[in-house]
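Read through the structure below, which is laid out as structure tokens, and then see the notes.
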Amino acid sequence: MKKVFVKSYGCQMNVYDSERMADALTADGYAQTDSADDADLVVLNTCHIREKAAEKVYSELGRVREIKEARAVEGRETKVVVAGCVAQAEGAEILRRAKVVDVVVGPQSYHRLPAMVREAGAASGRRRLVDTDFPEDDKFDHLPKLDRARIRARGVAAFLTVQEGCDKFCSFCVVPYTRGAEVSRPVSRLIEEARLLAQAGVREITLIGQNVNAYHGEGTDGREWTLGRLLHAVAEVEGVERIRYTTSHPRDMDEALIAAHRDLPQLMPYLHLPVQSGSDRILAAMNRKHTGDEYRRVIDQVRAARPDIALSSDFIVGFPGESDADFEETMRLVADIGFASSFSFKYSARPGTPAAESGEQIAEAVKAERLARLQALLEEQRRAFNGATVGRVVEVLIEKPGRHPGQLGGKSPYLQAVHFDGAGLAVGDIVPVRIVAQGANSLVGEAVRDAAAGNADKMESSAA
Ligand code: SAH
Ligand code: SF4
Ligand code: F3S
């Protein structure tokens, strides 16, 4: 049997797409391997969001070339595919820059990948192929149905793409160009997929989309449904114990979605809501279409609905024209809100985006200094949030065996990694765990064995 190795870069959308590409190729006769060395087919599912992300592809292709050459000496062919957002952005340019590549396929046409792989292969005298179409037909309709054994092998927490693409055109961002226009999948399909996942043992589903809260898919009544409504429908699927969603835009946090955080026990108290900057001037230049205070108001509403919610965000420092005063506004917003976790980046000029053309680019050293200051504050807040859970009992979904024998690892409702001793407990269980200490990147817990104590703490955590 031929083997395929799939490597994923970038966001959760790519993780999901990588799984679906692997599914399509498995249905076409490949077995999946986790090493490139013995692969007959190597698929790199790439990310274009920042310069560093895009550059990774070419350094990885260098390594793949060595493998391909070594295998060729033994008379074995290795086909190489570049998929994802770099594929979409650079297209045929990749074939020119990297002779090792046989197929380039964009994020909206990868259902055609098995056919392309069959036809392509420069080493065996076949063609090199590029497909970066945004086809009319929905790729999801052409992908094989989810396979129970494959779902199970991937674990008890799964992603489900509900929405793709972006119409917002933030001035720094490549996503609207690499992923195309916003498209929402119909509710009936999503419920069908959620059922399949749950039946295969998935306990937690994260609904994903570049702009997931702009979801406006066709409902089961033929009308357009919002994400809030979709969440309720997913919560009704038997076996789905936990629901999350990501990534959201502040402008699309509507009332129904905020209310779902109050009304839906399955919806976990965690919200990733990128703000990028605290300066109104920079927010306007970024085309985010909201102010710092509008963001604060949304957060107030979310916290009113779910007081214990863990908040997370993305930040960009050194956007063109960002002054010291603008940056201080970002620091002030962070101090005002208090985030449980976050991602922060130096602005990276991306070809084809409006901000890249600005004459006011910020010096690298200034970006580095601002990033260090921001990250120090965000890290302090992360530790404070995690520290506040020490001594509390939280429900942990057990996801995998821990680092030591008898140990288990899982996630709290707040998406914190928790390790604890769990003899007799199994992956997929959701159990009360008392948090006893805070490690560098995870929390240490103790399973609460006493049923009465478990119940009392359940009440404590839902009342919190
Ligand atoms: N759809 C999401 C974000 C998708 S990209 C949103 O609207 O917020 C993930 C994150 O990468 C962004 O939130 C942003 O912080 C960062 N990012 C995007 N483009 C960037 C660029 N050109 N330079 C630096 N960071 C960038
Ligand atoms: Fe990019 Fe903005 Fe769209 Fe997010 S909302 S994907 S940052 S353009
Ligand atoms: Fe990267 Fe594309 Fe996701 S650019 S962040 S992989 S949408």
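For ligands, and for the atoms within them, numbers begin at 1 and follow the listed sequence. Computed from a predicted model, the values in this text were never measured in an experiment.
- Put simply, part of Ile49 is less than 4.0 Å from ligand 1, judged by heavy atoms.
- Judged by distance alone, the side chain of Asp280 and the main-chain N or O of Gly292 form a donor-acceptor pair under 3.5 Å.
- Distances between N or O atoms of Tyr347 and those of ligand 1 include no value under 3.5 Å.
- The closest approach between a heavy atom of Gln210 and any atom of ligand 3 is below 4.0 Å.
- Proximity to Phe169 (heavy-atom distance under 4.0 Å) selects the following atoms of ligand 2: 8 (S).
- Phe315 has its ring centre no less than 6.0 Å from the ring centre of Phe327.
- Interface atoms of ligand 3 facing His48, defined by a heavy-atom separation under 4.0 Å, are 1 (Fe), 4 (S).
- The shortest N or O to N or O distance between Asn211 and ligand 1 is not below 3.5 Å.
- Against a heavy-atom cut-off of under 4.0 Å, Thr247 is close to the following atoms of ligand 1: 2 (C).
- Comparing Val175, Asp167, Asp252 by heavy-atom distance to atom 6 (S) of ligand 2, the nearest is Val175.
- Within ligand 2, counting atoms from 1 as listed, the ones closer than 4.0 Å to a heavy atom of Pro176 are 8 (S).
- Counting only distance, with no hydrogens or angles, the side chain of Asn45 and the backbone of Asn14 share a donor-acceptor pair below 3.5 Å.
- Between Tyr177 and Phe169, the ring planes lie perpendicular to each other; the angle is over 60°, past the 30° to 60° tilted range.
- Considering backbone and side-chain atoms alike, Arg288 places an N or O below 3.5 Å from some N or O of ligand 1.
- In this model, a donor atom of one side chain and an acceptor atom of the other lie less than 3.5 Å apart for Tyr270 and Ser341.
- Annotation for ligand 2: atoms under 4.0 Å from non-hydrogen atoms of Lys168 are 5 (S).
- Taking a cut-off of under 4.0 Å to the non-hydrogen atoms of Lys346, the atoms of ligand 1 that pass are 23 (N), 24 (C).
- Taking 4.0 Å as the cut-off between side-chain N and carboxylate O, Arg126 and Glu119 do not count as a salt-bridged pair.
- The protein atom (non-hydrogen) at minimum distance from atom 22 (N) of ligand 1 is Ser348 O, 2.8 Å.
- Close contacts of ligand 3 with Asn14, meaning ligand atoms under 4.0 Å from a residue heavy atom, involve 6 (S).
- Between the side chains of Lys3 and Gln32, no donor-acceptor pair of N or O atoms lies under 3.5 Å.
- The nearest heavy-atom contact from the protein to atom 17 (N) of ligand 1 is Arg50 NH1, 3.4 Å.
- If you number the atoms of ligand 3 from 1 as listed, the ones under 4.0 Å from a heavy atom of Cys85 come out as 2 (Fe), 4 (S), 6 (S), 7 (S).
- Within a 4.0 Å radius of atom 4 (C) of ligand 1, the protein contributes no non-hydrogen atoms.
- Atoms of ligand 3 lying under 4.0 Å from at least one heavy atom of Cys47, given by number and element, are 1 (Fe), 4 (S), 5 (S), 6 (S).
- Contact check for Pro269 versus Tyr414: side-chain heavy atoms found under the 4.5 Å cut-off.
- The shortest contact between atom 3 (Fe) of ligand 2 and any protein heavy atom is with Cys166 SG, 2.2 Å.
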What do the steps show when you test Arg71 against Asp38 for salt bridge (charged side-chain N to carboxylate O under 4.0 Å, His left out), and what is the final call?
CA-CA 9 Å; Arg71 282 170 50 92; Asp38 64 346; over 6 Å; no
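- Here is the list of ligand 1 atoms found below 4.0 Å of a heavy atom in Arg350: 22 (N).
- Aromatic rings from Tyr347 and Phe319 are positioned such that their centres are separated by under 6.0 Å.
- Judged by a 6.0 Å distance limit and a 45° cone about the ring axis, Arg20 is not positioned over the six-membered ring of Tyr110.
- Nearest protein heavy-atom contact of atom 14 (C) of ligand 1 is Gln276 OE1, 3.4 Å.
- Between the side chains of Thr389 and Gln416, a donor-acceptor pair is found at a separation under 3.5 Å.
- No side-chain donor-acceptor contact under 3.5 Å links Glu379 to the backbone of Ala376.
- For the 3.5 Å distance criterion, the side chains of Asp40 and Tyr30 fail to qualify, holding no donor opposite an acceptor.
- For ligand 1, the atoms lying closer than 4.0 Å to a non-hydrogen atom of Gln210 are 1 (N), 2 (C).
- Protein heavy atom in closest approach to atom 1 (Fe) of ligand 2: Cys173 SG, 2.3 Å.
- The closest side-chain donor-acceptor pair between Asp314 and His272 falls under 3.5 angstrom.
- Near Phe345, the atoms of ligand 1 lying under 4.0 angstrom from a non-hydrogen atom of the residue are 11 (O), 15 (O), 16 (C), 25 (N).
- Close contacts between ligand 2 and Phe172 involve ligand atoms 7 (S) [criterion: under 4.0 Å to a heavy atom].
- Every atom of ligand 2 is numbered from 1 in the order shown, and the set under 4.0 Å from a heavy atom of Arg288 is 2 (Fe), 7 (S).
- The residue among Asp314, Ile316, Val175 with a heavy atom at the shortest distance from atom 13 (O) of ligand 1 is Asp314.
- Close contacts of ligand 2 with Asn211, meaning ligand atoms under 4.0 Å from a residue heavy atom, involve 3 (Fe), 5 (S).
- Interface atoms of ligand 2 facing Cys170, defined by a heavy-atom separation under 4.0 Å, are 2 (Fe), 5 (S), 7 (S), 8 (S).
- Remark: ligand 1 and Phe172 share an N or O pair separated by less than 3.5 Å (distance only, no angle test).
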Mind running side chain to side chain contact (heavy atoms under 4.5 Å, CB included) on Thr78 and Leu41 for me, showing each step along the way?
CA-CA 6 Å; Thr78 314; Leu41 178 62; over 6 Å; no
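- The distance from ligand 2 to the heavy atoms of His249 drops below 4.0 Å at these ligand atoms: 5 (S).
- When the side chain to side chain donor-acceptor pair (under 3.5 Å) test is applied to Tyr295, no partner is found at least two apart in sequence or on another chain.
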